[in-house]
J.: 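Below: one structure in structure tokens.
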Protein chains: 4
Amino acid sequence: MITDKKELIREAAVKVIAREGFYNTKTSKIAEEAGVAVGTIYNYFQSKDEILEYIFEVEFEKRINYLKKLDRKDLSIYEKLTMFIEKHFQEIKNNLDTAQILVREKEFPKTSDFSSILSYLNEIPSLLESMLEEAKEKGEIREQNPTITAGLIFGALQGVVEKSLRTNNLELLDSAEEEVINFFKKGI
Amino acid sequence: MITDKKELIREAAVKVIAREGFYNTKTSKIAEEAGVAVGTIYNYFQSKDEILEYIFEVEFEKRINYLKKLDRKDLSIYEKLTMFIEKHFQEIKNNLDTAQILVREKEFPKTSDFSSILSYLNEIPSLLESMLEEAKEKGEIREQNPTITAGLIFGALQGVVEKSLRTNNLELLDSAEEEVINFFKKGI
Amino acid sequence: MITDKKELIREAAVKVIAREGFYNTKTSKIAEEAGVAVGTIYNYFQSKDEILEYIFEVEFEKRINYLKKLDRKDLSIYEKLTMFIEKHFQEIKNNLDTAQILVREKEFPKTSDFSSILSYLNEIPSLLESMLEEAKEKGEIREQNPTITAGLIFGALQGVVEKSLRTNNLELLDSAEEEVINFFKKGI
Amino acid sequence: MITDKKELIREAAVKVIAREGFYNTKTSKIAEEAGVAVGTIYNYFQSKDEILEYIFEVEFEKRINYLKKLDRKDLSIYEKLTMFIEKHFQEIKNNLDTAQILVREKEFPKTSDFSSILSYLNEIPSLLESMLEEAKEKGEIREQNPTITAGLIFGALQGVVEKSLRTNNLELLDSAEEEVINFFKKGI
DNA sequence: GATGAATGAGTATTCATTCAT
DNA sequence: AATGAATGAATACTCATTCAT
């Protein structure tokens with residue numbers, strides 16, 4: 001099935017890109033890791049750029065779907081945030097390589113169409129933002145600029161992940177979850 | 001004088017890299033922007049990589065020096081954090097291009113010696129961490145893991161900056177400063 | 001087949017390098033002469049240096065194999081030398097371009113691994129030397145230092161070839177063979 | 001005096017080129033070795049190529065002058081050859097670096113005017129040739145092709161020098177002189 | 001669909017040479 | 001004459017992409 005091989009290549013790419021960085025990753029390395037020929041990659045992706053795009057797409061969709069589902073539920077902002085953060089850390093622990101990529105790869109080629117990545121990068125903060133906006137109106141949280149708070153939360157999560165990965169201190173991730181939730185509850 | 005021309009090239013590089021991204025920046029473009037010949041760049045830098053390294057070096061040194069100075073003063077953690085964040089936002093507003101680079105360029109070639117960048121990236125959170133540790137011991141702030149909090153603060157700042165730059169919403173930066181300070185005061 | 005294309009490139013390189021000299025030969029010229037793209041060269045050779053190395057390798061191996069075979073046979077030193085010189089001139093006449101290169105390219109970059117060329121350059125005189133040593137012990141030739149005689153023979157052959165090529169006097173090569181044999185018979 | 005500084009640069013160039021090879025020698029290295037600025041080199045030489053040319057010129061002139069002087073004297077070919085070879089080895093021992101260059105640098109840029117080097121490279125064999133021609137006519141030596149013999153002698157001398165330098169066996173040079181003379185006496 | 005050899009546009013870097021001081 | 005920073009043409013090598021098998 002086409003899906004299987006595309007997934008095989010995506011996973012191989014995740015491994016290699018996490019290790020080497022996107023710009024330093026050769027398509028031949030991805031092919032090697034996936035156990036296929038270079039040409040095969042191009043049967044499933046139009047370009048190397050598109051692979052990175054797809055990695056972001058898959059991962060962000062998980063968060064966004066989860067966030068959208070959460071948003072529909074009748075929960076307090078504290079519960080929603082807690083659940084989102086738990087989901088986020090759970091995904092990260094499941095796949096550290098992907099986390100590495102999401103957190104590191106922020107330079108996108110101008111030429112290619114990375115608009116989809118950018119929209120994903122905007123969409124999560126946007127959803128958080130609208131959740132916060134609503135909570136603010138309900139008086140659940142104090143007066144604040146939800147755009148800023150959303151950017152701050154999104155960035156903070158990345159900061160913690162980056163710190164854990166950079167210092168290769170994975171136990172940090174375990175304790176981080178609770179701390180982060182705690183912090184945001186007080187902060188907002 | 002060597003310093004002048006090196007600085008000229010650094011500033012030109014900041015402009016171009018902020019616009020194009022490091023990996024998409026050609027040395028010839030930097031030279032053009034600086035109004036010098038390509039060869040001249042190599043009289044002041046060993047490689048293209050070294051330019052990026054130097055940009056980080058200059059900028060981080062400002063923060064680190066400021067943080068170190070703060071740390072020596074007899075101020076509450078709230079005051080220290082406030083002042084650091086103010087300084088940070090001030091530097092960002094002074095030079096948005098540099099901010100863009102600091103926030104975006106996170107993929108470092110394995111081959112080159114980017115260890116100095118990495119040490120800069122670690123040093124700010126480390127300084128924050130030791131400040132938080134001390135404050136915790138003094139009972140200024142609640143029980144918490146300072147490593148995580150420091151990573152969180154560092155990430156949150158980047159998140160806000162990234163959001164502002166990505167949406168090209170510079171007024172956001174103005175309001176962000178106060179909001180962020182407020183948030184951290186409550187959070188810690 | 002890999003061998004065919006590598007050989008195609010080697011032969012093109014021989015032509016161009018003989019004409020232009022190694023340091024003045026551009027990889028693009030070799031590619032053009034071979035009728036392949038520049039990139040193709042690098043599918044068969046690691047670097048431009050390696051091409052020169054390979055040219056020497058191929059050519060020296062012919063002589064060395066021949067010398068080793070000769071050495072095993074029960075022939076007088078005069079017969080052996082005669083046959084080696086005949087073989088040498090025959091190879092030269094077969095491929096003047098290669099001869100030009102062997103005789104001219106003596107400056108090897110320090111950085112690259114030209115140790116294999118150097119070992120080739122040593123091996124022929126070494127084999128000659130051991131043949132002379134044995135002949136001396138048998139009393140076939142007069143008392144002498146075989147190391148010097150071997151270096152002298154090897155150099156003399158190059159001198160004659162160089163002279164012929166420099167003056168573009170190819171008939172010289174024809175008469176040279178007999179003269180050289182004659183000379184060495186008397187000299188040793 | 002202009003001569004002094006030109007000589008200073010020539011000697012520095014000889015040292016560096018012997019060590020690194022002409023194509024791998026940077027003008028800046030020559031300047032450094034000479035203790036002058038790069039620009040200064042260009043006050044005495046038109047180009048880097050011209051330095052190599054000058055090195056050959058100086059050295060060959062010594063041999064040629066000596067050969068011409070010898071030729072005028074009323075000596076047997078054996079005496080002449082003996083004296084020339086003695087002179088040659090003496091010069092080599094006096095300056096091994098120069099010897100290295102004379103023996104190794106045989107690839108000359110097409111663009112530059114290396115005709116003077118080439119004429120020098122031809123002139124020594126030519127003088128030897130005319131001496132041999134004369135000797136042959138006088139019946140001093142056996143019937144032979146003097147062009148070939150001259151090329152052979154010139155090459156043999158280079159071969160011995162190269163062998164000594166390559167194996168870094170300088171004692172070889174000492175014993176070589178006598179052996180070589182002996183060899184040629186018998187050979188011609 | 002899968003392959004991987006061939007492609008060639010693209011680019012960092014070098015270094016001989018110049019020339020203002 | 002001496003300097004050495006500035007120059008920019010020149011070039012080896014890379015690697016994403018293609019396409020014939």
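All heavy atoms count here, side chains included; hydrogens, waters and symmetry mates do not. Note on naming: letters A, B, ... go to the chains in the order of the sequence lines (proteins, then strands), and numbering restarts at 1 for each one.
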J.: Taking OH from C:Tyr42 and P from E:dT7, how many angstroms apart are they, rounded to a whole number?
T.: 15 Å
J.: Looking at E:dT13, F:dT3, F:dT7, which one has an atom nearest to any side-chain atom of B:Lys48?
T.: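 Between E:dT13, F:dT3, F:dT7, the one nearest the side chain of B:Lys48 would be E:dT13.
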J.: Counting only Watson-Crick or G-U wobble pairs whose two distances fall under 3.5 Å, which nucleotide matches F:dT11?
T.: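 Answer to the pairing question: E:dA12, which forms a Watson-Crick or G-U pair with F:dT11.
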J.: Hey, which sits more toward the 5' end of DNA chain F by its nearest nucleotide, B:Gly35 or C:Thr40?
T.: B:Gly35
J.: Over how many whole Å does the gap from B:Asn43 atom CG to F:dT3 atom C1' extend?
T.: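 Computing the B:Asn43:CG to F:dT3:C1' distance gives 15 Å.
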J.: Output the rounded distance in Å from NZ (B:Lys26) to P (E:dT13).
T.: 14 Å
J.: If we call it a pair only when both distances are under 3.5 Å in a Watson-Crick or G-U wobble match, what pairs with E:dT21?
T.: F:dA2
J.: Tell me which nucleotide among F:dA5, F:dA1, E:dT7 gets nearest to the side chain of D:Tyr44.
T.: F:dA1
J.: With nearest nucleotides of DNA chain F determined for C:Ser28 and C:Gly39 from heavy-atom distances, which residue corresponds to the more 5′ nucleotide?
T.: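 Going by which nucleotide is closer to the 5' end, it is C:Ser28.
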J.: Return the 5'-most residue of the pair C:Ile41, B:Thr25 with respect to DNA chain E, ranking by each residue's nearest nucleotide.
T.: C:Ile41
J.: Which listed nucleotide (F:dG8, E:dT17, F:dA6) is nearest to the side chain of B:Val38?
T.: F:dG8
J.: Rounding to a whole Å, what distance do you find between D:Asn24:CG and E:dA16:C1'?
T.: 14 Å
J.: Determine whether more than 12 heavy atoms belonging to other residues, nucleotides or ligands lie under 6.0 Å from atom CD of B:Glu61.
T.: yes
J.: Would you say the side chain of D:Arg10 lies within less than 4.5 Å of the side chain of D:Tyr44, judging by non-hydrogen atoms?
T.: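 No - every pair of side-chain heavy atoms lies 4.5 Å or more apart.
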J.: Heavy atoms from C-beta onward define the side chain here; which of E:dG4, E:dG1, F:dA1 lies closest to that of A:Ala37?
T.: E:dG4
J.: In this structure, how many angstroms lie between the P atom of E:dC15 and the CZ atom of D:Phe45, rounded?
T.: 21 Å
J.: For the residue pair A:Tyr23 and B:Tyr23, does the interplanar ring angle fall in the parallel (under 30°), tilted (30 to 60°) or perpendicular (over 60°) class?
T.: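 Parallel: the ring planes of A:Tyr23 and B:Tyr23 meet at under 30°.
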J.: Got a salt bridge between B:Glu20 and B:Lys29, using NZ or NE/NH1/NH2 to carboxylate O under 4.0 Å?
T.: no
